[in-house]
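Beneath this line is the structure, given in structure tokens, with notes to follow.
Chain letters run A, B, ... following the sequence lines, proteins first and then strands; every chain starts at 1.
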Amino acid sequence: MKALFKYLLAPLVALLSACGGNPWNNPYPAADAGKNILYSAFAERPKHLDPVQSYSSNEILLTAQIYEPPLQYHYLKRPYTLIPATTTKMPVAQYFDKNGTQLPDDVDAVQIAYTIYEISIRPGIRYQPHPAFAKNEQGQFLYHDLTAKDLAEIYKLSDFSRTGTRELTAEDYVFEIKRLAHPRLHSPIFGLMSDYIIGLKEYSATLKAAAGAQAGQQGKDGYLDLNSYPLEGAQVVDAHTYRIKIQGKYPQFMYWLAMPFFAPIPWEAERFYTQPGLAEKNITLDWYPVGTGPYMLTENDPNRVMILEKNPNFHGETYPSEGMPEDEQAGLLADAGKPLPFIDRVVFSRDKESIPRWNKFLQGYYDASGIGSDSFDQAVQLTGQGEATVTEAMKAQGIRLETAVATSTYYMGFNMLDPVVGGLSESARKLRQAISIAVDYEEYVSIFANGRGIPAQGPIAPGITGHRDGREGVNSVVYDWLHERPQRKPIAAARALLAEAGYPNGMDAKTGTPLVLYFDVTSRGADDKSSLDWMRKQFQKLNIQLVVRSTDYNRFQDKIRKGNAQIFEWGWNADYPDPENFLFLLNGAERKVDNDGQNAANYDNPEYNRLFEQMKNMEDSPKRQQIIDRMVEILRHDAPWLWGYHPKDYGLYHAWYGNVKSNKLSHNNIKYFRIDGSLREQKRREWNEPVLWPAVLGLLALVASLVPAIIAYRRREQGTGTRQASSVAQEAGAGNA
Amino acid sequence: MLNYIIRRILYAIPILIGVNLITFTLFFVVNTPDDMARMQLGIKRVTPEAIEKWKHERGYDKPLMFNDSEEGAAKFTRTIFFEKSAAMFAFDFGRADDGRDIAHEIKTRMLPSLAIALPVFLLGLVAYITFALVMAFFRATYVDFWGVVLCVALMSISSLFYIIGGQFLISKLWHLVPISGYGSGLDAGKFLVLPVIIGVISGAGASTRWYRTIFLEEMSKDYVRTARAKGLPESIVLFRHVLRNAMIPILTGAVVVIPLLFLGSLIAESFFGIPGLGSYTIDAINSQDFAVVRAMVFLGSLLYIIGLILTDISYTLVDPRIRLE
């Protein structure tokens, strides 16, 4: 027994002592215990970190902490409010006619030839330390003329021994706007912006020609000095001021100024990264951002871990002092006026699968988590009033739930070009209205989204200007207002509409054949069978046969583009909090089939289109709301979509995670968060004490099972020797005989 | 033997071209270059011009296999298939669709894959052969019977179950090792324990039964009876004679997989957060990155061919009667 302890248990005890009490299952270095670090996970590696190219939410999660566009959203105020980020004040739109005469602010949009936004940035803002800025004593750049020999020992950006910085200038913002048209970059908003920023489309052609001309000398990936090519729509006024010139009037442009697409890029960075040999080592601006924001990316291994650390040169920004009335009570104003950011380091670990992610959250190794459908019941319970709250087990761990309605919508669209369900005829309209009543989204949200959603009354998500709550926001085509809440119309109403549409009891009155409709969906697994069966049942209420046409995502998109789908599901996440960003999805000019736009239903109502043109250029006002109300009413009547639902995001946070307020439009929120590292460490140790007895028991069982085997082996060996000796003797005797 | 190896290497060329052709055809039956562009450029606000530009930059704007607009050999060479395949035979894998250098990624990710696959392979080999020998030694006894039952049970369970079950028991309930993750240098050790244990256990059923069959077949041969007749102890019979003569089928199974160890495991790497080549391949398939899929299939085929050649060579080492001609 002593020997057993010596050889088996002693090393375990020694290992335990060596760990110094650090939990054995801690995936992070013991030296980081108790530090002011935020731990988070990412499933999919980001494709682009260049602000001109990145658009996905998993990319913006990183770029928004590093890059600073001129504007940002107020963290606490609702409705979402733009405030300066690097500017001295909010830019004001100045309107001009075609002769260059300035017009008053309330002038009719038709008279406006162009708009100028003059943006002044604060002096003294400096970039993060970066080798692109490093200079020698003579003031020459150290790393702008790298040779193959210089790069021999360089594998990542941190291998450059020297760094430098410089002040942010207006030229850097203009440089980034020019990059939208860069021939070697793919900006997702270039098409949109070239319709607005004056000269951007032509600028693209200029740069393409310039890149072609220099390709022979520097290679096709050489540095293209954008500062040598002026752009009419973006010009530097002085070191801290620049102007953007917009075609006509486009009030939503201010929202774009809060996105990383308009963040500054120093020319030195572009010059540095375009040197030969760096791209081969994956050292590019797309992978190593250079910003002025609160954090900088210090480790970029998108296969494993990405680490943000405090930017030592970050300019002084403080925690907001104003918020909503409930914020005070929630303790969200306790840090008012304190310098940002609070957290020193953010570690994003790659965990592709939801099960390990969820378990690590429960063990305290991730500070926050979403809730998957498989862990929903473990995490959330509903109170008697139908309010979602965490389960007792979560509560015991100090985990809290934060919910917020996303600025998104999931809808079911009708292809308006389809001869059966499409078009603006009375018959087709009534058919769509009947289906809108029959498909019970309250039930859908309850069954398939665990109650995480609000059935939609129209296209505009809650929290966005133009959305109406309560009775005045109810879709009267589908709902009645009863007992102070919307009540879906009875199925009899849907059947009546169906009969009026020419399909009494689901039969085509003209041909006498059953009505068969086709639902195009992307390929789904067995898990989704139930939701498709449910959808069939909804149509069955009207005696309509729904045929599900499942295909892969590529083919599905192709069908939508070509207008070959009949009924389909889609969704939209808002770019900015303006109703235009939802209502344009049904604008005739955005039709998928003719214009390759975002209107997947190919809806085209002249009155709606006219009102859209009128509404999109208006500032928020009662008159604009009136127009929006009318537009939404037209949509409800025409029913080109089943309005579906607006998803509700549920997030779980540990007790040590502070200052969390869900903000669906702003992504630069990490600077406001707080972490109590010592509480986290205490809880981690408490929750993760190693359980050794099963391992010891297993070892003992193994040893115990070996003993009879060894005994049997020895017996057999002895038996075999004796038996074989005697049998050989017998055989020998027989031979002699 | 040198002639044999050269001949085998030359045979590999048409095999690799064939594999490449099949991969290319299968990939482009499912995905068009437009689909690939859309996948990379995102869903929102993608214009036809952006798609054309993306395809042009990456050479996906050419015909797939036959270019009718060209003359002579250019009808075949100015195609996506030729341009993408020719470079690969010079081991120029090019860039992934997200711009990262594939060769660099392969080099970086090979080590984490190997860090799991090599211990699983070596420990597994020792464990499976030992168990198989024990079962063969106690053949036709309850040890053999229950051993086979256990092996069948182990074989019948999905590898995903082992992973999830292992993570649940060892990491979640007993808190002995991290559930997932990876570290550099020695720090990687604590992350490798669980995947290695699970890798060894999940492969135990099939391999042990396979080796047991080999040993039993070998033990029924005349030379074993002769050895026993000479009065040799069973341990000498088993380890000196049976094991040595069973090496050829063991080598067939073992040596051929050695080069493939570099490629890692598709499922285990995803679940354990190991940044290896298996995980890389899965990511590429999900993001329709043909450049990476093609490179990984090419590499896999090449390593398999190398494995087969090594197996042939190893025969000559364990069995002097075999000559490669």
Heavy-atom distances under 4.5 Å only: say whether [X] touches chain A with side chain, backbone, both or neither.
{"X": "B:Phe138", "answer": "both"}
{"X": "B:Glu49", "answer": "neither"}
{"X": "B:Phe191", "answer": "side chain"}
{"X": "B:Leu194", "answer": "neither"}
{"X": "B:Gln288", "answer": "side chain"}

Mind checking the [atom1]-[atom2] spacing from [X] to [Y]? Nearest 0.5 Å is all I need.
{"X": "A:Asn303", "Y": "B:Ser279", "atom1": "CG", "atom2": "OG", "result": "7.0 Å"}
{"X": "B:Leu176", "Y": "A:Asn688", "atom1": "CG", "atom2": "CG", "result": "11.0 Å"}
{"X": "B:Ser270", "Y": "A:Glu353", "atom1": "OG", "atom2": "CD", "result": "5.5 Å"}
{"X": "B:Thr47", "Y": "A:Asn595", "atom1": "OG1", "atom2": "CG", "result": "13.0 Å"}
{"X": "A:Ile355", "Y": "B:Phe271", "atom1": "CD1", "atom2": "CZ", "result": "5.0 Å"}
{"X": "A:Asp301", "Y": "B:Thr108", "atom1": "CG", "atom2": "OG1", "result": "8.0 Å"}

[X] versus [Y]: any side-chain heavy-atom pair under 4.5 Å?
{"X": "B:Trp174", "Y": "A:Pro690", "value": "no"}
{"X": "B:Lys172", "Y": "A:Lys360", "value": "no"}
{"X": "A:Asn25", "Y": "B:Val177", "value": "no"}
{"X": "A:Arg304", "Y": "B:Ile274", "value": "no"}
{"X": "B:Arg100", "Y": "A:Trp287", "value": "yes"}

Identify the two heavy atoms, one from [X] and one from [Y], that lie closest to each other, and give their separation to 0.1 Å.
{"X": "B:Ile179", "Y": "A:Pro356", "result": "CG2-CB, 3.6 Å"}
{"X": "A:Val691", "Y": "B:Leu173", "result": "CG2-O, 3.6 Å"}
{"X": "A:Gln557", "Y": "B:Arg38", "result": "OE1-CD, 3.9 Å"}
{"X": "B:Lys190", "Y": "A:Pro27", "result": "NZ-C, 4.1 Å"}

What part of [X] is in contact with chain B, defined as an atom under 4.5 angstrom from a non-hydrogen atom: side chain, backbone, both or neither?
{"X": "A:Ile283", "result": "neither"}
{"X": "A:Asn573", "result": "both"}
{"X": "A:Glu689", "result": "backbone"}
{"X": "A:Pro302", "result": "side chain"}
{"X": "A:Arg555", "result": "side chain"}

**Report entry** Polar contact flag, side-chain donor to acceptor under 3.5 angstrom, B:His175-A:Gln363
**Finding:** no
Requested in this report: Verify whether one side chain among B:Ser180 and A:Asp351 offers a donor that lies under 3.5 Å from an acceptor in the other.
Outcome: yes
For [X], does the [atom1] atom have more than 12 heavy-atom neighbours from other residues, nucleotides or ligands under 6.0 Å away?
{"X": "B:Tyr223", "atom1": "OH", "result": "yes"}
{"X": "B:Arg139", "atom1": "CZ", "result": "yes"}
{"X": "A:Tyr39", "atom1": "OH", "result": "yes"}

Looking at [options], which has the largest count of heavy-atom pairs under 4.5 Å with chain B?
{"options": "A:Asn282, A:Asp596, A:Leu362, A:Asp558", "result": "A:Asn282"}
{"options": "A:Ser354, A:Pro183, A:Pro46, A:Pro29", "result": "A:Pro183"}
{"options": "A:Arg45, A:Arg357, A:Glu44, A:Gln53", "result": "A:Arg45"}
{"options": "A:Lys47, A:Arg350, A:Lys281, A:His186", "result": "A:His186"}
{"options": "A:Ala279, A:Pro708, A:Ser349, A:Gly191", "result": "A:Ala279"}
{"options": "A:Trp687, A:Tyr365, A:Tyr28, A:Tyr155", "result": "A:Trp687"}

Counting heavy-atom pairs under 4.5 Å to chain A, which of [options] comes out on top?
{"options": "B:Gly273, B:Ser287, B:Ser235", "value": "B:Ser235"}
{"options": "B:Asp35, B:Ile170, B:Asp34", "value": "B:Asp35"}
{"options": "B:Arg95, B:His104, B:Gln167", "value": "B:Arg95"}

Report task. With side chain to side chain contact (heavy atoms under 4.5 Å, CB included) as the test, would you mind laying out the steps for A:Lys208 and B:Lys53 before giving the verdict? Result -> CA-CA 12 Å; A:Lys208 202 172 175 183; B:Lys53 186 177 160 192; over 6 Å; no
